[in-house]
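Read through the structure below, which is laid out as structure tokens, and then see the notes.
Every chain is numbered from 1, with letters handed out A, B, ... down the list of sequences. Here the structure is a predicted model, which is why all the values come from computation and not from measurement.
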2 protein chains.
Amino acid sequence: MNNITSNHYNLDKCNNCPVRDLSFCNALDNGALEEFSALSKTKSFQDGQLIFSEGKTNEYLGSVILGIVKIYKLLDDGRQQIVSLGFPGDMLGNIIDSEYNYFAESVGDTKICFYQVARINNFAESNPAIYRSILGKTTEQLGHAREWLLLLGRKTAQEKIASFLLLLAEHHKGDSPNQAFKIPLKRQEIADFLGLTIETVSRHFSNLKSKQLIREYAGHMLTIVDYDQLKSLA
Amino acid sequence: MNNITSNHYNLDKCNNCPVRDLSFCNALDNGALEEFSALSKTKSFQDGQLIFSEGKTNEYLGSVILGIVKIYKLLDDGRQQIVSLGFPGDMLGNIIDSEYNYFAESVGDTKICFYQVARINNFAESNPAIYRSILGKTTEQLGHAREWLLLLGRKTAQEKIASFLLLLAEHHKGDSPNQAFKIPLKRQEIADFLGLTIETVSRHFSNLKSKQLIREYAGHMLTIVDYDQLKSLA
DNA sequence: CGTACATTTGATTTGAATCAACGTTGGTGG
DNA sequence: CCACCAACGTTGATTCAAATCAAATGTACG
């Protein structure tokens with residue numbers, strides 16, 4: 001975690017924070033937030049930077065401000081499974097465990113707001129509401145993880161791809177239904193998220209394209225042409 | 001949830017509770033526990049009883065006292081995935097969501113201690129420590145769920161079976177290493193937990209038996225003969 | 001003791017992995 | 001500006017692990 005403590009960092013005021021209403025800190029009233037924000041440090045990452053590693057001391061709790069963070073686990077022989085994607089507003093890590101038990105890596109340009117776990121616990125003594133808020137985020141993540149257990153255990157490759165595209169589309173809900181968006185992950189990352197190989201992912205993308213359910217241009221911009229039919233596949 | 005509210009129930013004192021040190025209520029001091037315990041109702045279930053259903057109002061938080069509870073999700077066509085096994089001391093449900101988003105069913109004879117979610121929130125106003133404790137249990141479950149994502153997404157059938165047997169063995173840690181224990185799940189349930197079919201589960205059990213890594217008698221009693229080698233397969 | 005259910009085992013199929021080229025994209029330096 | 005190269009992605013041929021289909025056997029229980 002040297003890269004977090006050692007670097008230049010911004011002490012953004014929460015007032016300007018783009019995820020103020022989404023992050024776990026949103027439960028705090030203005031006075032408490034003022035105090036809490038003083039504990040935070042933001043840090044930026046470029047594509048593919050390691051944010052923390054399995055086995056290292058759990059020193060920081062993070063909140064994704066910008067970009068995407070992939071959380072993954074590894075088997076001894078290098079097989080990888082992405083167990084979560086952290087979008088803006090999502091919490092990173094926890095304040096319970098003594099060690100991280102997975103790896104976190106930035107996907108594209110990413111900005112994260114960090115708090116020291118010890119400071120959060122200290123803060124909580126006078127502001128216990130923060131626990132309820134962290135509990136909310138943790139429960140949400142548990143829900144997502146269990147949804148993904150169903151996907152990995154019981155869905156076919158086609159259903160997995162369709163579900164994945166709908167998940168991405170969910171994060172562009174503000175836009176019009178058929179709005180194009182950038183697929184943030186490489187094929188290998190999609191494979192590692194869905195428990196597949198790159199080839200299988202590629203084949204099923206081609207499939208959906210030939211069926212005119214989706215369109216892809218400029219290499220990574222995607223339009224969902226037939227949302228309802230995609231949903232029925234997922 | 002009629003079966004919880006309507007039935008005869010015991011008002012066990014926490015002092016006699018066999019999972020007092022494991023449950024989320026263990027964070028409370030004696031005074032608070034006294035008050036908290038008054039909110040609880042215990043209920044017993046026989047094998048295969050539905051405890052709660054996806055889509056129903058999230059009214060109760062539970063704590064498993066005895067037996068095992070399987071938490072599962074279903075696809076439209078009936079495909080099932082067990083997303084968690086609740087052992088004694090494990091928390092059941094959450095206090096955040098408005099609805100249950102999975103099914104819970106007893107496996108064998110089971111006893112559960114229930115608290116109304118509304119009452120917990122009310123209790124928390126004067127005892128915020130309960131949130132920290134529930135957070136601990138939730139974080140633990142998230143860790144288990146992510147471990148299982150790796151298993152479902154990236155492990156082979158043999159590795160899945162080996163991991164499953166070691167998981168069961170973990171829950172008999174007090175016993176000697178090669179102590180026989182009862183496999184609490186039917187083959188179909190094991191399959192639904194590991195994202196496999198009954199036939200594949202059966203074949204790999206036979207495999208491990210012929211390799212002398214495990215032994216099974218009386219239909220469902222299991223001994224792990226070679227713990228280390230089983231571990232190397234998982 | 002018989003019926004229903006659970007489990008095992010065998011034969012076959014199949015969806016996804018693997019192996020193997022080939023195409024595309026984007027960055028670098030001549 | 002283009003040639004080169006490395007990383008990424010697609011497509012095809014083949015293999016393989018697990019699913020499916022199909023009996024047969026084992027077990028629990030009224």
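- Across all strands shown, B/Ser206 has heavy atoms under 4.0 Å from sugar-phosphate atoms exclusively, and none from any base.
- Computed from coordinates, the B/Phe205 CZ to C/dT9 C1' distance equals 16 Å when rounded to whole Å.
- Put simply, CD1 on A/Ile161 is 14 Å from C1' on D/dT10, counting in whole angstrom units.
- At least one side-chain nitrogen or oxygen of B/Thr197 sits closer than 4.0 Å to the OP1 or OP2 atom of D/dA19.
- Residue B/Thr200 places none of its side-chain N or O atoms closer than 4.0 Å to OP1 or OP2 of D/dA18.
- Here the P atom of nucleotide D/dA18 and the CZ atom of A/Arg154 are 13 Å apart, to the nearest Å.
- A/Arg203 has its CZ atom 15 Å from the C1' atom of C/dG23, to the nearest Å.
- Exactly one of B/Glu105, B/Gln81, B/Gln80 qualifies for a side-chain hydrogen bond (donor to acceptor under 3.5 Å, both in side chains) with B/Tyr72. That residue is B/Glu105.
- The structure places CD1 of A/Ile68 at 12.0 Å from CG of A/Asp109, a figure rounded to the nearest 0.5 Å.
- Contact annotation: side chain of A/Glu199 to base of C/dC19, donor-acceptor pair present below 3.5 Å.
- Evaluation of atom-type donor-acceptor distances gives no pair under 3.5 Å for the side chain of B/Gln188 against the base of C/dC5.
- Each of C/dA16, D/dG9, D/dA18 was ranked by its minimum atom distance to the side chain of A/Ser202; first place goes to D/dG9.
- Separating the OH atom of B/Tyr217 from the P atom of D/dT27 is a distance of 15 Å, rounded to the nearest angstrom.
- Other residues, nucleotides and ligands contribute over 12 non-hydrogen atoms within 6.0 Å of the CG atom of A/Asp77.
- Note on B/Lys209: a side-chain N or O is less than 4.0 Å away from OP1 or OP2 of C/dT8.
- Side-chain atoms of A/Val69 and A/Leu92, non-hydrogen and from C-beta on, do get closer than 4.5 Å to each other.
- For A/Ile198 and D/dT11, the CD1 to P distance is 14 Å, given to the nearest whole Å.
- Rounded to a whole Å, the CZ atom of A/Arg187 is 7 Å from the C1' atom of D/dG9.
- For the pair A/His220 and A/Lys155, both in contact range of DNA chain C, the more 5′-proximal nearest nucleotide belongs to A/Lys155.
- If you take CD of A/Gln158 and P of C/dG15, they are 11 Å apart, rounded to a whole angstrom.
- Ion pair A/Lys231/A/Glu159 not flagged as a salt bridge, since none of the NZ, NE, NH1 or NH2 atoms sits closer than 4.0 Å to an Asp/Glu carboxylate oxygen.
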